[in-house]
J.: 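One structure is given below, represented as structure tokens, and several questions about it will come after.
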Amino acid sequence: MYRTNRSAFAQSQQNGIATLLKAEKEAHEIVSQARKYRQDKLKQAKSDAAKEIEAYKAKKDQELRDFESQNVGSTAELEKKADQDVQGELAEIKKISKAKTADVIKLLVAAVTEPIPEMHVNAN
């Protein structure tokens with residue numbers, strides 16, 4: 001009887017070990033599938049993020065091109081207006097200098113021909 005119990009116990013142990021090995025194998029497969037699922041999701045997320053980034057870059061590049069095309073003429077117009085302002089100011093300066101030329105000449109001639117004697121500061 002002891003032998004029968006012993007072989008039954010050994011058989012029971014073998015069945016228990018086989019069940020444990022089978023459960024461990026199933027658990028390993030589940031973990032492996034979960035890892036693969038996680039890796040696939042990460043790859044998909046990276047791909048989606050790259051697509052969103054490219055779309056955003058394209059949108060911003062288009063906005064920049066639109067802004068540049070709208071403002072290209074503005075630069076030329078600003079330069080033209082600045083040139084006109086400078087020419088107007090130069091004309092005004094020439095007009096004033098023509099009007100004051102006679103007065104300046106009189107002042108210079110008077111300063112040379114009618115000196116005012118005074119002591120130099122270092123003469124004392």
J.: How long is the gap from CG on Asp85 to CG on Leu78, to the nearest 0.5 Å?
T.: 10.5 Å
J.: Show every donor-acceptor pair shorter than 3.5 Å between a side-chain atom in residues 27-42 and any protein atom, with sequence neighbours excluded, or say none if there are none.
T.:
residue, atom, partner, partner atom, Å
Lys36, NZ, Asp40, OD2, 3.2

J.: Any side-chain to backbone donor/acceptor pair from Ser47 onto Lys43? Under 3.5 Å, distance only.
T.: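 Pair absent, no side-chain N/O of Ser47 close to backbone of Lys43.
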J.: Nearest 0.5 angstrom please: Asp103 CG to Leu108 CG, how far?
T.: 11.0 Å
J.: Kindly state each residue pair satisfying salt bridge (Lys or Arg N to Asp or Glu O under 4.0 Å) with at least one member in residues 105-118, sequence neighbours excluded.
T.: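 Not a single pair qualifies under salt bridge (Lys or Arg N to Asp or Glu O under 4.0 Å).
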J.: Please list every donor-acceptor pair under 3.5 Å in which a side-chain atom of residues 56-63 meets a protein atom from a residue at least two apart or in another chain.
T.:
residue, atom, partner, partner atom, Å
Lys60, NZ, Glu63, OE1, 3.2
Gln62, OE1, Arg65, NH2, 2.9
Gln62, NE2, Asp66, OD1, 2.9

